[in-house]
Amino acid sequence: MTNASSARRPRRRWTVWISLLAVLVVAGSAGGGYYWYTSHAKPNSTPSSTPTTPGVDKIQHIFIIDQENRAFDSYFGTYCNATGPVCSNTSIGTPSGVCLPYNLNNTSAGCVQPYPYPPGMTMTDDIGHAWVNAHEAWDNGKMDGFVSAIGGNPLAMGYYTGTTLGGYWDLAEEYALGDDFFSGGLSYSLPNHWLIVSGMAPNASYFTSNFTYANGTLNPAGVAYLHEANQTPTLMDQLENSSESWKYYDFTIPPGTYQQAIGNGTTWKYWNVLVAKASSYNEPFASHFVPNTQIFGDLANGTAPNVSWIIPIATDSEHPPYDVLTGQNWTLSVIDAIENSSIWNSSAIFVTWDEYGGFYDSVPPPQVDGYGLGFRVPLLVVSPYARYNFVDPDNGSFGSILKFVEERYGLNPVGPRDADAPNLLSYFDFNETPRAPFYVAPTGAVYPDPSGVQPMGRVATPVIDGTSISGGTLRVEWSDGVGAAPLGYAVRVATPQGVVLYNASLGQERHTLELTGVGASELVVHVVALGQGLVPVASALGVVGAPDPLPSVGARSAGLVGATELVNQLPVWLRDLA
């Protein structure tokens, strides 16, 4: 598999950290054991130096927005594959001819090509992306195991385009996009959220997410995780011992509640890993943790700190099964608030995603130690000094974001990941006059307009609430379960022997059916939800005359299988509806 690009300047490739390995103390075998780094200075009490890059001191406010679970190719694989009116240079996207096997151990079973999700499909099911999944997907750099790693599910090969993610694509066109930027580790969210605040992570975080027994007591992995977490230095430690201000916009940490947090499970939160450290519950450290909604007030009243981590709530996170359009709009609302504030001219915004979420990417991640780097994720850089309409060809990683903060505020590196990572200065031109903001979504607006958009992956399964036959009249009532309202329904009524009495499509406003002249005492009723293109998506089954209606069958999601496969899985009577 090749990843050729045209009209690009040569890329700077990662080098093997031979010198680093000589000073790296590893407990356990490669890929296992907790890394304790000794090659660089530990956090100090004062900034080590002043900024060395001319003009970087124009940046007084750094915002890190950390979204969830999207590989680069799943969002930008078809962005600027060739130069044109809105593409001054090209990006490394999904190469042509890719087809990944359903099963790496049985390649004759067929393969799946990358395919665009339909324009209305803004929600999909969650798919496997733990340590084991990621390493099978990676396949020692072959990048051919993404479908096989999740049991042959083709959802891994789906991707979005600017039709759905127009807001993010507009940001890329107006500001800068990184197409050679990598997450921290070949694993799931927990270690990667460590790596965006520390550059290292507890060993236990990579391999498991189960840290307690059923009764809530710690298992050995939980004990190891908390022990390692409390020994892991972070950039926040550096900032706390400097003159710079910082906040973590997610949720509050009540002082003095560490033991309670262990007992109630707070210490295992993936998106704020600092809850695992006892020091986070001590003042003044605890005062830096605030609700994520506070960012809007802080921007409005001019109290935003020098460095901010901004974390979405789950429904705004783009983490499957949540709506990517909702997450995009939340991100745009934060960016608009920064652009609207008095500090826009001194701001740099880094928008990235914590890890790949199980979705395909084509570029092998450089391996700098036993844990990663992880798969490629998008990086959007928004600033009055960001290069216009620019795809940055240089390598970068989560350590590069830490390094930018350290460079700007003269802080020592936390560890070797950030010390040796490439900086992100190439995304900026500090010689330019600061640009006026580009508002992707005007204040109060939703971009793009989602009216009529059908989130195919979560169309509600109908629930048959009641059926009855009285005086020769059949009455059926149904409602929608959890999820988006269907675009319509198909209803079929038949005898147990298969004689069809009624078979028709109804509009989405209908939730009842009355059929007169019915002579049978027992009938089989199907109610099917219809999605985009009137494709059958989910089905419920009931029997009139039985003591109770049969339970509805499980939803068949168009996000899990292609529409053709979906229709072929349905009864013969439904196939004509698709």
Side-chain angles (χ1 to χ4, degrees), residues 3-12 53 55-56 58-59 62-65 67 70-94 159-182 328-329 331-332 334-336 338-340 344-353 361-363 376-396 400-401 404 422-442 445 447-448:
N3 298 296
S5 64
S6 60
R8 301 297 300 270
R9 58 189 170 92
R11 291 178 175 269
R12 190 174 63 228
T53 301
V56 73
K58 294 179 180 179
I59 301 299
I62 299 171
F63 300 92
I64 302 162
I65 301 175
Q67 280 285 13
R70 302 291 168 176
F72 182 90
D73 277 350
S74 71
Y75 269 17
F76 289 98
T78 58
Y79 175 80
C80 286
N81 295 150
T83 56
V86 295
C87 297
S88 61
N89 57 340
T90 59
S91 70
I92 294 181
T94 306
Y159 62 85
Y160 292 102
T161 68
T163 301
T164 300
L165 296 178
Y168 285 147
W169 281 44
D170 274 357
L171 286 178
E173 291 167 11
E174 294 294 326
Y175 296 105
L177 171 71
D179 73 338
D180 210 20
F181 183 85
F182 297 88
Q328 175 188 246
N329 290 339
T331 301
L332 296 178
V334 176
I335 293 173
D336 281 355
I338 298 169
E339 291 179 322
N340 251 334
W344 163 246
N345 279 352
S346 60
S347 294
I349 308 167
F350 299 102
V351 182
T352 192
W353 286 256
D361 190 71
S362 56
V363 176
R376 189 173 59 146
V377 292
L379 175 69
L380 289 165
V381 178
V382 178
S383 172
Y385 303 101
R387 296 183 186 276
Y388 172 75
N389 189 220
F390 179 65
V391 179
D392 194 293
D394 290 337
N395 302 121
S400 300
I401 295 178
F404 185 89
N423 209 324
L424 301 175
L425 295 170
S426 56
Y427 289 78
F428 300 88
D429 184 353
F430 294 115
N431 294 318
E432 291 293 325
T433 302
R435 285 197 282 140
F438 172 79
Y439 295 103
V440 175
Y447 184 94

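These numbers come from the heavy atoms of this one structure, side chains and all, not from hydrogens, waters or symmetry mates.
Among residue pairs with one or both ends in residues 425-434, none qualify as salt bridge (Lys or Arg N to Asp or Glu O under 4.0 Å); sequence neighbours excluded. Each salt bridge (Lys or Arg N to Asp or Glu O under 4.0 Å) pair with one or both residues in residues 376-386, not counting sequence neighbours, appears once here: Asp73-Arg376, Asp361-Arg376.
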* Please walk me through it: do Thr83 and Thr90 pass side-chain contact (heavy atoms from CB on, under 4.5 Å)? -> CA-CA 6 Å; Thr83 56; Thr90 59; 3.8 Å; yes

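Within the model, atoms CZ of Phe390 and CG of Leu177 stand 10.0 Å from one another, a figure rounded to the nearest 0.5 Å. The distance from the CG atom of Leu332 to the CG atom of Asp170 is 9.0 Å, given to the nearest 0.5 Å. Rounding to the nearest 0.5 angstrom, the gap separating the OH atom in Tyr427 from the CZ atom in Phe350 is 9.0 Å.
In this structure, Val351 and Val334 have side chains that are not in contact, with every pair of non-hydrogen atoms separated by 4.5 Å or more. With contacts defined as side-chain heavy-atom distances shorter than 4.5 Å, the pair Leu424/Asp392 does not qualify. Counting heavy atoms from C-beta on, the side chains of Phe182 and Val363 come closer than 4.5 Å. Two residues are said to be in side-chain contact when any heavy atoms from C-beta on lie closer than 4.5 Å; Asp180 and Phe72 fail this criterion. For the pair Leu380/Trp353, a side-chain contact is recorded, criterion being any heavy-atom separation below 4.5 Å from C-beta on.
Applying the side chain to side chain donor-acceptor pair (under 3.5 Å) rule to Tyr175 yields the partners Glu339; only residues at least two apart in sequence or on another chain are considered. Residues passing the side-chain contact (heavy atoms from CB on, under 4.5 Å) test with Thr352 are Asp66, Phe181, Ile196, Val377, Leu379, Phe398, Ile401, sequence neighbours excluded. Tyr79 meets the ring pair (Phe, Tyr, Trp, His ring centres under 6.0 Å) test with Phe76, Trp169; sequence neighbours excluded. Glu174 is linked by a side chain to side chain donor-acceptor pair (under 3.5 Å) to nothing, counting only residues two or more places apart in sequence or in another chain. Listed by chain and number, the residues in a side chain to side chain donor-acceptor pair (under 3.5 Å) with Asn389 are Ser88 (sequence neighbours excluded). Here Phe430 pairs with Tyr385, Phe428 under the ring pair (Phe, Tyr, Trp, His ring centres under 6.0 Å) rule; sequence neighbours left out. A search for side chain to side chain donor-acceptor pair (under 3.5 Å) contacts involving Thr331 returns Gln67, Tyr168, not counting sequence neighbours.
At least one donor-acceptor pair under 3.5 Å links the side chain of Asp179 to the backbone N or O of Ile92. For the pair Ser74 (side chain) and Tyr159 (backbone), a donor-acceptor distance under 3.5 Å is absent.
Applying the side chain to side chain contact (heavy atoms under 4.5 Å, CB included) test between Ile59 and each of Ser346, Ser347, Ser383 identifies Ser383 as the sole match.
A pairwise comparison of heavy atoms in Tyr160 and Arg70 identifies CE1-NH1, 3.9 Å as the closest pair. Closest approach of Arg435 and Trp344 over heavy atoms only: O-NE1, 2.9 Å. Between Pro422 and Ser400, the closest heavy-atom pair is O-OG, 2.5 Å. Closest approach of Val391 and Asn89 over heavy atoms only: O-ND2, 2.8 Å.
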